[in-house]
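In what follows, a structure is listed as structure tokens, so that the remarks can point back to it.
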Amino acid sequence: MAVNLAYRLILFSLVQWALSLEALTPRASGTEAYSPPYYPAPKGGWLSNWASAYQKAHTVVSKMTLVEKVNLTTGTGIFMGPCAGQTGSAPRVGIPSLCLHDSPLGIRNSDHNTAFPPGITVGATFDKDLMYERGVALGEEARGKGINVLLGPSVGSLGRKPRGGRNWEGFGADPSLQAVGGSLTIKGMQSAGAIASLKHLVGNEQEMHRMSSVITQGYSSNIDDRTLHELYLWPFAEGVRAGAGSVMMAYNDVNRSSCSQNSKLINDILKDELGFQGFVVTDWLAHIGGVSSALAGLDMSMPGDGAIPLFGTSYWAWELSRSILNGTIPVERLNDMVTRIVATWYKMGQDQDYPTPNFSGNTLDETGPLYPGALISPTGVVNQYVDVQGNHSITARAIARDGITLLKNDGNILPLRKNDSLKVFGSDAGPNPDGLNTCGDQGCNKGVLTMGWGSGTSRLPYLVTPQEAIANISSNVEFYLTDKFPSSVKSGPQDTAIVFINADSGENYITVEGNPGDRTTAGLHAWHNGDELVKAAAEKFTKVVVVVHTVGPILLEKWIDLDPVKAVLFAHLPGQEAGWSLTDILFGDYSPSGHLPYTIPRSESDYPESVGLLSQPFGQIQDDFTEGLYIDYRHFLKANITPRYPFGHGLSYTTFNFSDPKLSTVTTLDTTYPAAREPKGSTPTYPTTKPPASEAAWPQNFNRIWRYLYPYLDKPEDAAANSTKSYPYPDGYSTEPKPAPRAGGAEGGNSALWDVAFSTQVKITNTGSREGRAVAQLYVELPGSLGLDTPSRQLRQFEKTRILKPGESEVLTLEVTRKDLSVWDVVVQDWKAPVNGEGVKFWIGESVADLRVGCAVGGCSVLEYYD
Ligand code: NOJ
């Protein structure tokens, strides 16, 4: 009987596996990708804008013992405190345990917090003020809960794979859009004193097989140097330039070296070239080597556990103390790790009355174990239910509303009138029938889809559903909130059907309706037979409005051209204000002003084959980024494929005219490469002698918590005595600092890269009869004289008007930097721009396919406009 059951289970799993493979492209052909060594780890503190923070850190770190230092580098273990992770502390010198907690859209697993719309909706607003405002609000909420490091924003995944599970946490499938969204979020968050952790560096473009563990190895994202610089690294460079205090490494390998111990990525690119002064943290449980990661530049291990969580093992903690005492890891490296952490803490002003955690990410109960991961734990008050929402619902609603993207509006069927006869269909318009927040980390798709699932979520403090909001406004509405079209419903010529459909995705540790994070089963289709629901409504009604809540592109082909389907609104992922933000648009209080942060294709086969999901039973997946720079719209343009809706598309209830374009030179690009970098400043110095072994001894009468990760050793003198044993240092290991890379110089790189080269202006006039906001998107076309194949359009800047009344105009200024016009020269290892901007074309329009004005050095012209 039991054998029979086991047999059926195995058979079932095999069938599941085979089915899932069907949805996947074959594995990439396996390259000999290689990540060259880069040692030693550059020390932090050489930039003047961090000098005072580093000075303060130096004073404190100079007084710290070995175990105090180690304490700050290592998490105390998963579930060993209120936060997703917390470091040990050094109370003797005034440094508390640091709380690191999710998420990029609000405080995860907590109470009395705002559930903001996630990055993808923020990206769709193309509104820099809202991007910043949300960042400030996130920072305030983190501070209010006592979170030192808020784990966001996410700018990787970039959205290379349309089925990728976590694209929605970021701002869209374009490096500049991600860069602006990420940087403004960081600036906002850190203005409130919270440390931003910019994540995930880099190449974490699919969820499945992302992690290495004792039984498996995460995939390797094999990315060539140019693609890395021009696409995937771009938003990280801008985020570092914005002052990000922390960077989280991705789970996967890059060029066959695990990100958490990839010396090329951390030591060379992040710390030397991008001049990153903060600290580098692992993704959770991504730590796979103690000495190797320390030498490669890692500064903090989270949540501190070793190969198997909760076993009380660690690659660092006491093992780091041991490696220092036996001389394997230079004491300078530990000093640099700690100095970076403490300096970041000072830089954000967290020494000035920063609260300690007053919440628990583990429970909503008021009291409970202080260390839930320990078998026996002291108990106490773990939740004080501090209300941190302030008036942030206003920002949350504004983002959800201004992100709503009108794809189609035949016959100006929208906006609706309050007394229109409405019939509303689809479970996505209503509440989760099981109740609010009933699925942990939003790991289900029931009712209106407000966010994806996984660690990038928060609990909803409340939810205004579309049903509630529509019922509140409409005087004539019937609701049929099922996903199967009710055959009994009657329709008349005056009726408008509003059909709600959705598409979800999330993080790999939760599988929802057969989708392990990535959209393996659902593909790019609407969930819950959404296509059928729209088609059925279109058979019965002559006027159909489709509202889509989605994590990314979905295929609309089954119904988009049906005559009754007059209007389509992409409401993306709206967060807690789903209902009000939608009715603001549906009933015309505001004109839609969102624009697509990705392309909507006609068929999934329109994408390059290399951006499909990869899966294989054994061995490491080699994910070769063979499409290079050509993802999303860059690919569609190159392949000359007309998508269903282009990147940047979004209609309004009014129309806009673009006129009077102007281009002026601000800083002459008189050289191909930027001016020589600024020299590196000095870094704090400490004695390089090893600390006495006694510093790592357990304190007397110490009350140990089981499985808690401590820095102490049972026999520290043995560790010190073992110093003659040789450690197999990685190839290329050296303690001799490398010459400063020429592309570096300041946070983000050589500051000359951000010289504004050109300033463009365009006058935008509301030529319709309703109020509205326009977005000007600036795409550059780089000349062939650079000698490299380059996408024909690349978004580099955007601005949004205020609300313009009919007939009103606003002049927008869009600035373009040297870097915006550069390609990465892999030989010279620097950014190369066309001298004087010769041959560059600047296109400004309402989408990548709807360009309204064109400029080049010497003049601009207004393009013919095709509606
Ligand atoms: C894993 C996720 O990849 C990361 O984004 C998150 O911040 C950590 N878990 C902590 O929850």
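Quantities reported herein were computed from a predicted structural model and do not represent experimental measurements. Counting convention: from 1, in listed order, for ligands and their atoms alike.
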Handout entry: Which residues share a side-chain hydrogen bond (donor to acceptor under 3.5 Å, both in side chains) with Asn383, sequence neighbours left out
Key = none
Problem - Pairs meeting criterion ring-ring contact (aromatic ring centres under 6.0 Å, His included) with involvement of residues 96-125, two or more places apart - result: His101-Phe359
Fill in the blank from the handout: In this structure, CH2 of Trp316 is separated from OG1 of Thr73 (nearest 0.5 Å) by 5.5 Å
Handout entry: Pairs involving residues 190-202, ordered by first then second residue, that meet salt bridge (charged side-chain N to carboxylate O under 4.0 Å, His left out) (sequence neighbours left out)
Key = Asp102-Lys199
Problem - Donor on one side chain, acceptor on other, Ser301 and His287, under 3.5 Å - result: yes
Exercise for the section: Given salt bridge (charged side-chain N to carboxylate O under 4.0 Å, His left out), test Lys161 with Asp623 step by step and report yes or no. Expected result: CA-CA 11 Å; Lys161 301 195 178 201; Asp623 192 352; 2.9 Å; yes
Handout entry: Residues in the immediate environment of ligand 1 (any heavy atom closer than 4.0 angstrom)
Key = Asp102, Arg108, Leu151, Arg166, Lys199, His200, Arg210, Met248, Tyr251, Asp283, Trp284, Ser455, Glu507
